[in-house]
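Atoms within each ligand, like the ligands themselves, are counted from 1 in listed order.
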Amino acid sequence: MSSAQVGSSQGVGEHEVLDRVAELAVGFAADAAGYDERAEIPVVGLNALHDAGVDRAVLPRRVGGLGLSYQSFGAVVRILAKADPSIATIWVMHAGAGVALAELTGDSAGSFFAEEFLAGKRFANALSEPGSGNRFLQPQQVAEPVAGGWSLTGAKRFVSGSEIADYLLVNALVSGAPTFFAVIPDESVSIIPIWDTLGLRATRSQLLAFDNTVLRAEYRGRAPGPGDFAVIPAGLPAISLGIADAALAALVAHARSRMILGKPLAEQQWVQHEVADVQVRLAAAHALYDQGLREADSASPAFFSTLSRAKYLANKVAVDVAQLGVRVGGASGYLRQSPIQRHLRDAEAGQLMAYSTEVLAGEIGREVLGAGSPPPSP
Ligand SMILES: Cc1cc2nc3c(=O)[nH]c(=O)nc-3n(C[C@H](O)[C@H](O)[C@H](O)COP(=O)(O)OP(=O)(O)OC[C@H]3O[C@@H](n4cnc5c(N)ncnc54)[C@H](O)[C@@H]3O)c2cc1C
């Protein structure tokens, strides 16, 4: 994609990006069940996204990209997640790590990482670790000083797309403070193949072991700041919203086509009432998310808090929609060949990804009740 296609001012050309993603998503949706079944990373789809200019679009202008707005970014992730939430998850993590390294190492290697991102190299977030639970920005593992930087021995887990990653965004404690680094995986980084999961199988979010891995001083980043493009907080709600959209579409298709005693299931009143309930709550989750994206685009300080609430609601509604899909689908929706069961498995994963619904509930509840200061937002 040329810069002329995307445009020289924010907003111009974002439609082209969305159109291209929507075109690609048709094929992603058709192939999603197969990748899920095989637990295989959809590399072809991820490369097609890069070739369509989506990576260039998400990289902020200040680091050499085209600076997609938050609202368009949210639309991209929703489209992808409705088609194949594993592609959406890997891409969000890839964009999160790539954009973060371009921004956080801006004083040193930032332009190198921006160029590698634009060239199609793959990035992954290796942040969660066994001891930090859901608080992936609070690493417990200590990096010890060595010549040229610091040395990390430990583990990072559930690293989506790690098997195809050229670069990892890693955090560790340096002099007691959480510190970010870029790591180029070498023989000191090994993959422990734990990923055989219920849902989001094609993300292949493996466990990584680090054995005296050098965290190089020139690849050390600053702490994330208020002006950085917040890919992960803005992307995660959309993954659940896309899954919920897909689950609702599958439910509706089934209810309209399944004939029981000569009438479509869609004509049964209990189905109509239950569908009304989930559809309205799903629309509310989309609206809250849209509000958060608008706030982010206008640099309102409220946006993290709104996006946290949107993730919480989207995670829960996605599970509700998908569970209703299983009820409406009956035994035929329970068959492996049905998308209904896959949407339920995928929906469950949304609430596990940090911050989990439990962690978010604590933050939101504390805030509403004025019960002590919530932990810092990412
Ligand atoms: C599909 C998928 C993809 C992922 N991709 C990535 C990735 O690319 N990079 C990456 O770094 N991580 C990734 N993660 C990890 C994820 O973001 C979480 O950090 C990780 O799943 C937390 O560990 P756990 O699931 O074992 O839960 P645990 O931390 O063991 O949590 C168990 C329970 O305790 C609750 N809990 C945990 N911590 C707290 C707390 N501080 N306060 C209150 N309750 C708490 C949880 O909500 C949960 O109910 C991914 C996870 C999934 C499921």
Side-chain angles (χ1 to χ4, degrees), residues 35-36 39 41-42 46 77 81 84-101 122-141 152 154-165 167-172 178 180-181 183 185 189 191-192 194-210 224 231-233 235-240 242-243 308 311-312 315-316 318-319 342-343 345-366 371-372 374-378:
Y35 281 109
D36 172 78
I41 295 179
L46 292 163
V77 182
D84 181 344
S86 287
I87 287 190
T89 302
I90 296 175
W91 185 72
V92 166
M93 295 300 174
H94 158 73
V99 169
L101 283 176
R122 303 230 54 93
F123 291 72
N125 272 306
L127 301 175
S128 300
E129 54 185 54
S132 64
N134 223 258
R135 292 283 175 194
F136 67 103
L137 293 179
Q138 294 174 10
Q140 307 293 298
Q141 294 169 170
L152 177 65
K156 294 287 182 178
R157 54 188 196 155
F158 312 130
V159 182
S160 299
S162 49
E163 291 155 316
I164 57 167
Y167 301 104
L168 302 171
L169 175 66
V170 172
N171 57 358
F180 290 92
F181 292 89
V183 168
V189 181
I191 293 169
I192 300 169
I194 55 164
W195 195 254
D196 184 5
T197 47
L198 193 65
L200 291 188
R201 292 172 52 77
T203 63
R204 296 191 64 81
S205 307
Q206 301 285 24
L207 177 65
L208 300 186
F210 294 78
V231 172
I232 305 293
L236 288 184
I239 292 174
S240 285
I243 293 170
S308 291
K311 180 181 184 292
Y312 176 87
N315 292 161
K316 294 208 155 222
V319 173
R342 176 164 51 88
H343 298 319
R345 292 189 282 105
D346 289 341
E348 291 286 351
Q351 16 184 40
L352 305 178
M353 278 189 269
Y355 295 125
S356 65
T357 43
E358 291 77 19
V359 170
L360 290 174
E363 277 191 17
I364 297 165
R366 269 193 298 275
S377 291

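Tyr355 and Tyr312 have their aromatic ring centers separated by at least 6.0 angstrom.
In this structure Ala172 satisfies the side chain to side chain contact (heavy atoms under 4.5 Å, CB included) test together with Ala143, Leu152, Leu215, sequence neighbours excluded. Looking at residues two or more places apart in sequence or on another chain, you find no side chain to side chain contact (heavy atoms under 4.5 Å, CB included) involving Leu352. Checked against side chain to side chain contact (heavy atoms under 4.5 Å, CB included), Ala209 has the following partners two or more places apart in sequence or in another chain: Ser190, Ile192.
A donor and an acceptor atom, one from each side chain of Lys156 and Asn125, are nowhere located under 3.5 Å apart.
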>> Show, in sequence, the C-alpha distance, side-chain angles and deciding distance for Leu169 and Tyr167, and conclude whether the side chain to side chain contact (heavy atoms under 4.5 Å, CB included) test is met.
In response: CA-CA 7 Å; Leu169 175 66; Tyr167 301 104; over 6 Å; no

Could you pull out the N/O contacts under 3.5 angstrom between ligand 1 and the surrounding protein atoms?
unit_1	atom_1	unit_2	atom_2	d
ligand 1	5 (N)	Phe158	O	2.9
ligand 1	5 (N)	Ser160	OG	2.8
ligand 1	8 (O)	Phe158	O	3.4
ligand 1	8 (O)	Ser160	N	3.0
ligand 1	8 (O)	Ser160	OG	3.3
ligand 1	9 (N)	Asn125	O	2.7
ligand 1	9 (N)	Phe158	O	3.4
ligand 1	11 (O)	Asn125	O	3.4
ligand 1	11 (O)	Leu127	N	3.1
ligand 1	11 (O)	Ser128	N	2.8
ligand 1	11 (O)	Ser128	OG	3.2
ligand 1	12 (N)	Ser128	OG	2.8
ligand 1	12 (N)	Phe158	O	3.4
ligand 1	14 (N)	Phe158	O	3.4
ligand 1	17 (O)	Ala354	N	3.0
ligand 1	19 (O)	Ser128	OG	2.8
ligand 1	23 (O)	Arg157	NH2	3.2
ligand 1	26 (O)	Arg157	NH2	2.9
ligand 1	29 (O)	Asn134	N	3.4
ligand 1	38 (N)	Asn134	N	3.3
ligand 1	47 (O)	Ser356	OG	2.6
ligand 1	47 (O)	Glu358	OE1	2.7
ligand 1	49 (O)	Glu358	OE1	3.3

